[in-house]
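For reference, the structure discussed in these notes is given below.
So you know, we letter chains A, B, ... as the sequences are listed, proteins then strands, and number each from 1.
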There are 2 protein chains.
Amino acid sequence: MEDNTNGKKINMKALAKVLNLSTATISKALRDSYDISEQTKARVKEAADRLNYVANPHASSLRKHLSNTIAIVIPEIADSFFSQVINGIESIAGKEKYHFLIYLTHDSYEREVSILNEFTSGRVDGVLISVASNTSDTAHISKLQQAGIPIVFFDRDCAQLPAASVTTDDFNSAYLATNHLVEQGCKKISLITVQGYVSIFSSREEGYRKALMEHAIVSGSSDIVYCANKYTDGNITLISEHMASARPDGLLLTVEHLATSAYLACHQMKLRIPQDIKIVCFTNQITAPVLDPPLTTILQPAFEMGQKAVGLLFEYLSHNYIKLEEEHFVLPSRLVTRESTGN
Amino acid sequence: MEDNTNGKKINMKALAKVLNLSTATISKALRDSYDISEQTKARVKEAADRLNYVANPHASSLRKHLSNTIAIVIPEIADSFFSQVINGIESIAGKEKYHFLIYLTHDSYEREVSILNEFTSGRVDGVLISVASNTSDTAHISKLQQAGIPIVFFDRDCAQLPAASVTTDDFNSAYLATNHLVEQGCKKISLITVQGYVSIFSSREEGYRKALMEHAIVSGSSDIVYCANKYTDGNITLISEHMASARPDGLLLTVEHLATSAYLACHQMKLRIPQDIKIVCFTNQITAPVLDPPLTTILQPAFEMGQKAVGLLFEYLSHNYIKLEEEHFVLPSRLVTRESTGN
DNA sequence: GTTATTTACTTAAACGTTTAAGTAAATAAA
DNA sequence: TTTATTTACTTAAACGTTTAAGTAAATAAC
């Protein structure tokens, strides 16, 4: 191979020297500038290919004030919903040659703040975020917006903020799911959820309440159990104790990992699903149909939400001049009934 | 607020002007250089904090030839194993103030090649990769190594390459799992797996074969089913057809998503697990204990593998001068027996 | 009291791109 | 034939850091 590079990493200057051209010409040729002859473009591209030239993204980002990178900020990654969202984002961002950095808040407001604060540095061109469940003060988000970094919320938004959002119809889904439990004969339905300020949890709670109200089922705060928002034995205990004391005949679970906990609790207490207790859960786990018994789920359009969120961001970034703060999309979730609510 | 910045993004030059210092002093003060007085350091840090100064990472990376970013290249993300690995990586990388870019190959060799080729640009300081199952030509990986980018393989390595690896004992796990099936009374055990060049699949296949051999169970190629490496209805059909024709009484499944497919196939065919057929699967799904019936699994130390892999990379990057190509770690997986192999 | 060393800074170049502005040669317009 | 325009480049500055090298003032050594 006569490539004159001795295995050293090649940069634009070296490439220019090889071709007897200026770096400006190389740069423009590679970006297909009208300013460069077709012949030269071909020569440059051939040489770049042959010598494995790849432009240094830091130099490029520094000069252009564009990173071609977006940040995805989520509470957890070991969750079917979030990983499917990432798949959706990747399906679009990958094609557009965008890179994405992932940040996990572990559902902690403090981490979220320190993660977002760093984004004023120009590291990313935009942010897709699903906020921590205990995020109520949104100053860190406003600060980012004021710094000119576009933000799109998905799933968990901060309703009080003027920002783009892609969510699902949590209120209605919870309402329909609760109705379904009532229709299947439940008289005492408990909500197993997570404490948090974000709207998805309050919406799900309100949907649940509305359904109960409409069926004249009295429910008090003792029918709601607040669990930790991660998979722990503690949650199993919480649910067991609740079932022992409140003796519900229906459960609405608002997060994925609660399905396993609730099932284990039922198995431990020898409660038969659905005969003794019926269960619905918000989850995208593919194992739902093979659980014991198959689980009735509220299936969220995770992949599509990811696509839509990143699509909005790209539309903004490509200067199609949409106003992000006016973009709000609510994609429908679907109640998939299975044996866990059958009879 | 008298911050002289009018809401514009502040850079080092602006900060220097505010403090009547040179940018060199600012830079050194923020990095705690011995060259700067404590008094000045305090002044600088206070002002930086107050004005929300965050250094531009592109400028910094360009100058230092360090990105403080690593790449994680995996086949899929909607998989408990990989998402737990990411959690492990994040648990270390997050603390070290490293950022990570995620790239999905969708198990395609071509995508893997084009993703890795880009890494010679200096975008990342190192790469953690689990190769695509059909990667046999490893030129793209060697090229990256020659360019001086450190690589650590996890789970799926390229055994022929001199590179660090963190794997689990696939051979032995498959061997033990198959033995377990035999001990539980299986006489005809099928392997449901995925076609691929990577060692995990061949190791699992060999472990399976060795166990059968030792028990003098004759097995032919008709006992092995090669599925697509993603969750599809096609796989369910493949498995059903195999069970109809080969009539196995035991199944060893080598990838997570096959558990759901196999269970559905059994349900459809009215085969009772474990009475008619016993099942073991390599999976980290938390729902394993609540499946119908609870699934015997080979649980991989995903989180620890992520930690170990990124730990090796950091040890190398911090110039502790370990030789990556000599680092090979094999972490043990654990057979967790449940009803799917009971009697 | 002169010289050497230390302290606490500053100056300026460099990292590898992109791009506005400039230019010489070729072509078109008058 | 002269002038205007177009083509295909080059020059040089800029992006925001880091750092080697330099320096003036203060302190220490002799």
Base-pair string, DNA chain D, Watson-Crick plus G-U, cut-off 3.5 Å on both distances, | for inter-strand, is |||||||||||||||||||||||||||||.
Salt bridge (charged side-chain N to carboxylate O under 4.0 Å, His left out): pairs with one or both residues in residues 89-116 of chain A, sequence neighbours excluded: A/D107-A/R156
Does a side-chain N or O from B/S37 land closer than 4.0 Å to OP1 or OP2 of C/dC9, or not? yes
Sorted by chain and residue number, the side-chain hydrogen bond (donor to acceptor under 3.5 Å, both in side chains) partners of B/K45 (sequence neighbours excluded) come out as B/D32
Length of the line joining A/K17:NZ and C/dG16:P, which is rounded to integer Å: 13 Å
Any salt bridge (charged side-chain N to carboxylate O under 4.0 Å, His left out) pairs touching residues 123-149 of chain A, not counting sequence neighbours? A/E118-A/R123
For B/L62 and B/K41, take the nucleotide of DNA chain C holding the closest heavy atom to each; which residue's nucleotide lies nearer the 5' end? B/K41
What is the nucleic acid contact for B/H65, judged by heavy atoms within less than 4.0 Å: base, sugar-phosphate only, or nothing? sugar-phosphate
One thing to verify: whether B/E46 and B/R43 come together as a salt bridge, which I'm taking to mean a side-chain N less than 4.0 angstrom from a carboxylate O. no
Need one value for A/T40: base, sugar-phosphate or nothing, where a base atom within 4.0 Å counts as base even if backbone is also close, heavy atoms only. sugar-phosphate
Verify whether the ring centers belonging to B/Y103 and B/F119 lie closer than 6.0 Å. yes
Determine the interplanar angle of the A/Y109 and A/H140 rings, folded into 0 to 90°, and report it as parallel if under 30°, tilted if 30 to 60°, perpendicular if over 60°. perpendicular
Apply side-chain hydrogen bond (donor to acceptor under 3.5 Å, both in side chains) to B/D35 and list each qualifying residue two or more places apart in sequence or on a separate chain. B/K28
Heavy atoms under 4.0 Å is the rule here; annotate nucleotides 17-26 of chain C 5' to 3' with B where the base is hit, S where only the sugar-phosphate is, and - elsewhere. BBB-B-----
Any donor and acceptor pair, going by atom type alone, linking the side chain of B/T138 with main-chain N or O of B/I141 inside 3.5 Å? no
Starting from C1' on C/dT5, measure out to OH on B/Y34 and report it in whole angstrom. 14 Å
